[in-house]
Structure formats: structure tokens, C-alpha cells
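Hydrogens, waters and symmetry mates play no part in the numbers below; they use all other heavy atoms, side chains included. In this text the structure is predicted, and so the values were computed from the model without any measurement. Labels below follow one simple rule: chain letters A, B, ... track the order of the sequence lines, proteins then strands, and each chain is numbered from 1.
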Protein chains: 2
Amino acid sequence: MDQAKGTRKSRAGGKADTAKVDLTAVVVAVSNNEPCVLTIGQTDTLPSGPLALEHRSLQSGLRTWVEEQTGHPLGYIEQLYTFADRDRAGAELERRVISISYLALTRKEHATAPSRSSWQSWYDYFPWEDHRAGTPPMVSDLLRPRLIEWAESADDDATRLERRRRAAIAFGFGDRPWNEDLTLKRYELLYEAALVEEAMRGSTLPPPVGGKSMVSDHRRILATGISRLRSKIKYRPVVFELMPPAFTLLQLQRTVEALAGRLIHKPNFRRLIEQHQLVEETGETSTETGGRPAKLYRFRHAVLEEGEVAGAKLPLSRA
Amino acid sequence: MDQAKGTRKSRAGGKADTAKVDLTAVVVAVSNNEPCVLTIGQTDTLPSGPLALEHRSLQSGLRTWVEEQTGHPLGYIEQLYTFADRDRAGAELERRVISISYLALTRKEHATAPSRSSWQSWYDYFPWEDHRAGTPPMVSDLLRPRLIEWAESADDDATRLERRRRAAIAFGFGDRPWNEDLTLKRYELLYEAALVEEAMRGSTLPPPVGGKSMVSDHRRILATGISRLRSKIKYRPVVFELMPPAFTLLQLQRTVEALAGRLIHKPNFRRLIEQHQLVEETGETSTETGGRPAKLYRFRHAVLEEGEVAGAKLPLSRA
DNA sequence: TCCAATTATACTCTACCTGAATATAAGGCG
DNA sequence: CGCCTTATATTCAGGTAGAGTATAATTGGA
């Protein structure tokens with residue numbers, strides 16, 4: 001501690017209390033009922049860049065980098081989390097790297113310029129997170145046995161029990177319900193169990209359990225973004241950031257389902273949307289749905305002005 | 001943007017993409033039904049210190065600083081927000097300052113060493129946030145007229161309407177309900193209206209509207225912590241971090257009320273606690289309450305292990 | 001001693017919210 | 001025309017939350 005105090009006083013000079021600050025964005029869009037994240041290059045890398053002095057704020061720095069790297073101007077953004085794991089700093093660096101991550105919601109059509117960015121489905125990175133068609137086979141056939149194996153490999157009974165319990169809660173084993181919000185917890189558990197590629201860099205041991213990995217800790221950041229978004233759609237009307245100006249109620253439902261990774265009871269979904277007056281009819285209808293034409297709706301922007309007081313939430317309340 | 005790109009390439013050398021990183025803690029305890037925050041010195045300053053290379057992580061750096069400055073080892077902590085306002089950097093500094101803030105919950109008794117720290121009531125800094133005895137007079141008599149004045153001073157009708165609406169939502173004017181979670185929003189509104197001291201540093205204009213201010217942006221950080229905690233007690237059993245090992249249900253209720261700044265319907269509170277099985281009887285009773293002796297309870301730590309799946313939430317759902 | 005004040009604990013009633021199922025309407029298409 | 005598909009409306013039961021009321025067990029004082 002005295003050491004730490006020492007570094008404080010030397011703030012003007014040394015590298016000890018100086019850091020490189022990186023801004024990283026999880027940019028989300030949904031199209032064709034598939035939730036996507038924006039990556040740059042062919043390298044499974046999230047848009048990011050160092051905070052610089054000419055940036056007026058963290059947010060404006062982030063917007064600048066993302067627009068430059070991907071051609072997407074950002075609308076809605078919110079801060080996610082700040083990471084500073086030691087292993088983020090390459091061994092050759094004498095400086096720590098801080099990574100401030102943001103969640104951004106947009107639509108693919110908003111791109112203004114072609115660029116070397118591309119959209120990837122969430123579920124390419126997290127195949128165990130899509131429960132829209134029921135529990136994915138890979139969960140029961142692959143993850144579950146590997147996690148049980150991991151639990152059993154613990155040294156003492158208490159740890160074994162604890163690991164089994166954590167896995168059961170996170171993945172909904174046994175008769176427990178699956179909770180879509182726990183994306184980050186699930187990823188961290190798989191990391192701890194060394195079942196994802198990132199956890200075993202430099203190792204030669206058993207192969208990872210599935211899902212593309214990403215550069216450095218970007219998959220963890222993506223998991224953080226998914227968790228946050230899945231929670232948030234339940235109590236704030238943020239889905240509409242991902243919708244076109246006019247949409248049918250089923251399109252809206254499918255978008256929510258894509259994000260949540262689970263299906264919703266249709267009549268109840270409509271009831272909630274209507275009773276919270278989140279939308280209003282445009283007067284038009286769409287016949288492109290195969291059956292009876294559906295009314296088109298637009299988001300009632302007034303709900304944003306009505307304050308967080310009133311409901312303004314979406315279903316998915318609990319499994 | 002080209003400019004920004006330029007700085008990126010020069011990352012190895014210049015000061016442009018280098019920053020000083022500060023860790024700041026909002027340490028909360030409740031005693032005598034008063035929610036308190038830990039400050040150092042006599043200067044209304046939150047415990048804080050620069051992140052240094054020898055810190056294993058952000059959290060451990062924070063724990064080190066707080067323990068050194070206040071003698072309080074920390075238990076529960078969670079990250080709040082990362083700030084990087086330009087005006088945080090003193091004009092003389094060529095480097096940006098990043099401030100990563102945390103919320104910590106503890107009990108005053110946990111102090112291990114005497115120190116130059118002290119506990120201050122939240123409501124000394126935010127007198128408009130305590131609605132336990134009804135809406136405070138200062139809100140109706142002082143804040144409301146000043147906010148209306150501010151709204152009216154806008155240039156155009158749209159802005160005037162917008163300002164009145166925002167004030168009404170944030171403070172629950174008219175027939176709107178008061179929402180205790182909006183602490184940060186209220187502070188930001190007062191800041192924007194230049195009704196708090198921090199907003200008018202260097203100005204000579206009308207006096208601020210009340211409440212002690214803090215060093216630099218520490219009052220904003222405290223507001224962030226209060227907002228987060230007031231939201232969180234509704235869906236996670238974090239209050240128990242602030243309780244002694246054994247307590248009566250009324251003590252528990254008073255603690256929640258102290259945090260929320262509003263009163264709770266007693267029978268409903270007990271019902272919720274019991275039906276979520278958050279506590280278990282110790283078998284003892286307490287007669288120090290003046291009337292009929294009250295059963296003593298302890299927190300059922302098992303609920304933490306039962307996963308965020310089950311309820312585990314507290315009342316205060318909506319006004 | 002016994003009453004009054006104080007707090008603890010238990011019970012009830014109603015409105016609303018939620019999950020789930022069912023019924024009817026309006027298009028396309030062979 | 002009749003069938004398939006999707007849209008839209010309605011109903012029912014269980015649970016939750018707000019609010020009010022009743023009874024129990026102490027202390028302190030008349």
C-alpha cells in the first residue's frame with residue numbers, strides 16, 4: 001500500500017499511473033430475425049480505437065471510431081463496462097490497457113459508406129444462446145457432459161457441488177428454467193471450465209466446445225452487451241431502435257425473440273404492446289406476410305417523453 | 001476523422017492516447033435509519049486514488065485505496081460508471097483523466113482502524129431526495145419555483161414545454177408520482193438549470209438551491225451510486241450487506257426506507273420478505289423496540305446460491 | 001393491578017397483471 | 001369454393017401488489 005501511495009505522488013512523471021484507453025463498441029442490428037453484431041475485417045474484431053485528446057467525450061470518441069471503421073453512424077448508445085484485465089496488456093507493453101465498452105443499437109440500412117466491416121450473427125459466437133427452437137442439441141449433448149466432467153474434476157466435495165449448482169443455474173439444467181439474461185454468466189462459466197478457446201490460449205488440452213471466438217476479450221464484451229440488452233428490452237422500449245419506421249406486430253415480436261433467444265406467447269405480447277401504448281397505427285397494412293394483411297405500426301416517440309414512470313416495458317418478464 | 005486516425009498510429013509515443021485512471025468509491029452504510037457515504041478528510045471527497053501497475057485488477061486497486069484511506073475493508077462492490085469529462089482534467093494537465101467509479105456496501109462497525117475518514121448522510125448532499133416524511137418543503141418552496149423560472153427563461157416555446165415536462169417527470173410535480181430511482185436524473189437537471197454549486201463554479205450568478213456540494217464531480221458520482229442502489233434493492237437482495245447479522249423485520253424495513261427515501265406499507269413488506277424466504281428466524285427476540293418483542297432474523301445466504309432465477313426481490317415496485 | 005400506548009404479527013379484500021387457450025376475421029392460392 | 005396462413009379479439013384462471021383491518025405481546029404509568 002505504501003508502494004501504491006508512492007506512485008500516486010509521482011503522477012506527473014512515471015508510466016505507473018498512466019494507461020492506454022480503448023473504446024470498444026458492440027453494435028447490434030437485427031435483420032431476417034437474426035441478431036447481428038458489427039465486426040471489422042475478417043478477424044472477428046469489434047470496432048474499437050484509442051481515446052484521444054481531440055475527442056470531446058467518451059461517447060463522441062466511440063462514435064468517431066465506429067463511423068470511421070465501419071461507415072455506420074451510431075444512434076442509441078450506452079456504456080457497458082470498463083475492463084482492465086492485466087492480460088489485456090501485451091507482455092511487451094509497460095502500460096496498462098483500459099477498455100471502455102459501449103452498446104449501440106442501429107439498423108443495417110443506416111450504413112452510409114461501404115467499408116471493410118461486416119455483420120455476424122450473435123449465435124455464431126454463442127450457439128448455446130439461441131433457444132428459439134427449444135434447447136439446442138449442443139447444450140444437452142456437448143456442454144452439459146463437459147460441464148459435469150469439469151465439476152467432477154474438482155478436488156473436494158464442496159467445490160463439486162458448487163460447480164454443479166452453478167452450471168445448473170446458468171444453463172437451466174434439471175427442472176430449472178433457462179434464463180436468457182445470464183449470457184455473461186454462462187460465458188464466464190465456460191471460460192472458467194476452460195471450454196472456450198480464449199481460456200486455453202497457449203494450452204494443448206481438450207478442444208473447445210463450440211462457437212467462434214474473437215480477438216482478445218471481445219467475446220466477453222459481446223456477452224456483456226447481449227446480457228445487458230436482453231435485460232433492458234424488458235423494461236425500456238429500446239427494441240424500436242432496431243426496427244424500421246413502420247412494422248407489423250409480428251415483425252416486432254420476432255425481433256424481440258431474436259434478441260431474447262426465446263419465443264413469446266403472441267396474444268400476450270400484443271396485449272402488452274397495446275396496453276402500454278408503445279405504438280400507433282400508420283393506417284397502412286402489409287400483405288407480405290402470407291396470410292391476412294397485418295396493420296403497420298410506428299413507434300410512439302411520445303412514450304419516451306412520458307418518462308420512465310409509466311410502464312413502457314416489454315414482456316419476457318419471467319420464464 | 002483523419003485526425004483521429006492519425007493519433008492512433010502514433011500510439012507508442014505521444015501523450016495523446018494516454019490517460020490517468022482514477023478509481024473512486026461510493027461506500028455506503030446505514031445506521032440509525034440514515035443512509036451514509038464514506039468521505040475522507042473534511043473536504044466532502046470520496047475515497048479515490050490512481051490505478052497503478054501493481055494493482056491486480058480495478059477492483060483490487062479500489063479496495064487497496066479505500067482501505068488505506070479509510071480503514072474500511074470492502075465486501076460487496078460493483079462497478080458504477082466510467083467518466084471522462086474534459087473539464088475533469090485541470091487546465092494545466094496535458095493528459096485526460098478517466099474516473100472509474102464503484103459502489104460498495106458495508107457497515108460502519110467493519111472499520112478496522114481509526115482514520116481521517118467520516119460518514120456523511122446522503123441527504124446532506126441531496127436534501128430533495130428524502131421523501132420519508134412526505135415531499136420535503138424545500139422541493140415545493142425552493143426547487144419547484146426555481147425550475148419553473150428556468151423553464152420559462154428558455155428562448156422558444158418548445159424548449160419551455162420540454163423543460164417543464166422534464167422537471168415534472170423527474171420531481172413528480174403535478175399529479176405525477178415521485179420515482180425514487182431518478183436521483184441521477186434530478187441532479188443532472190439541477191446541474192443543467194445551474195441550481196447546484198458545481199454548475200456555477202466561476203460564475204457570480206444566483207445562489208444554489210441547497211445541499212452540500214462535493215469536490216470535482218463527486219456529487220454526480222454519488223448520485224449515480226444512489227440511483228443504482230435504489231434500483232437494485234428492488235430485484236436483488238443487496239440490503240443485507242448493510243444489516244447486522246441479526247435484525248428484526250422492522251429494522252430491515254427501515255433500512256430499505258432509508259435507502260429508498262420513501263416509506264413502505266408494513267404488512268406488504270413482511271409478506272414479500274417471507275414469501276421469497278429471504279430470511280430465517282434466529283430463535284431469539286428483541287425487546288428493545290418499545291412494544292411487543294420482535295423476532296430476530298438472519299439473512300438466508302442460501303438465496304444467493306439459488307440463483308437469480310427465483311424472486312429474491314424487495315418491494316418498492318412502483319409508486 | 002390494570003389500563004393505555006406501542007409495536008409485532010396475522011388475515012382479508014380487491015384490482016391488476018400474466019400465462020395460456022380459444023375463437024373469429026381476412027387475405028392468397030389451387 | 002374451400003383450404004391454408006396469418007391477423008386480431010376474447011376469455012379464464014392463478015398470482016401479485018396495494019391497501020385496510022384485527023389480534024397479540026410487551027412496557028410504562030395511573
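One can place CG of B:Asn268 at 10 Å from C1' of D:dT16, the figure rounded to the nearest angstrom. Nucleotide C:dG19 holds its C1' atom 15 Å from the CG atom of A:Leu263, rounded to whole Å. Rounded to an integer number of Å, the gap from A:Lys266 NZ to C:dT18 C1' is 19 Å. Per the geometry, CZ belonging to B:Phe269 stands 17 Å off P belonging to C:dT7, to the nearest Å. Remark: C1' of C:dT9 and CG of B:Leu252 are 16 Å apart, rounded to the nearest angstrom. The distance between atom CD of A:Gln251 and atom P of D:dT8, rounded to the nearest whole Å, is 11 Å. The CD atom of B:Gln275 sits 9 Å away from the C1' atom of D:dA17 (whole-angstrom rounding). The NE2-P distance, from B:His276 to D:dG15, rounds to 14 Å in whole Å.
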What string of B, S and - do you get for nucleotides 22-30 of chain C, 5' to 3', if B is base contact, S is sugar-phosphate-only contact and - is no contact with any protein heavy atom under 4.0 Å? B--BBS---
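With sequence neighbours left out, A:Glu34 forms a side chain to side chain donor-acceptor pair (under 3.5 Å) with A:Ser121, A:Arg132. For B:Ser118, the side chain to side chain donor-acceptor pair (under 3.5 Å) test picks out B:Thr39, B:Gln120, with sequence neighbours left out. Partners of B:Arg166 by salt bridge (Lys or Arg N to Asp or Glu O under 4.0 Å), not counting sequence neighbours, listed by chain and number: B:Glu162, B:Glu192. A:Glu257 is linked by a side chain to side chain donor-acceptor pair (under 3.5 Å) to A:Gln253, A:Arg254, counting only residues two or more places apart in sequence or in another chain. Remark: B:Lys295 engages B:Glu281 in a salt bridge (Lys or Arg N to Asp or Glu O under 4.0 Å) (not counting sequence neighbours).
Minimum atom distance to the side chain of B:Arg270 is reached by C:dA8, of the listed C:dA8, C:dG19, D:dA7.
Atom CD in A:Gln277 sits 5.5 Å away from atom CZ in A:Arg300 (nearest 0.5 Å).
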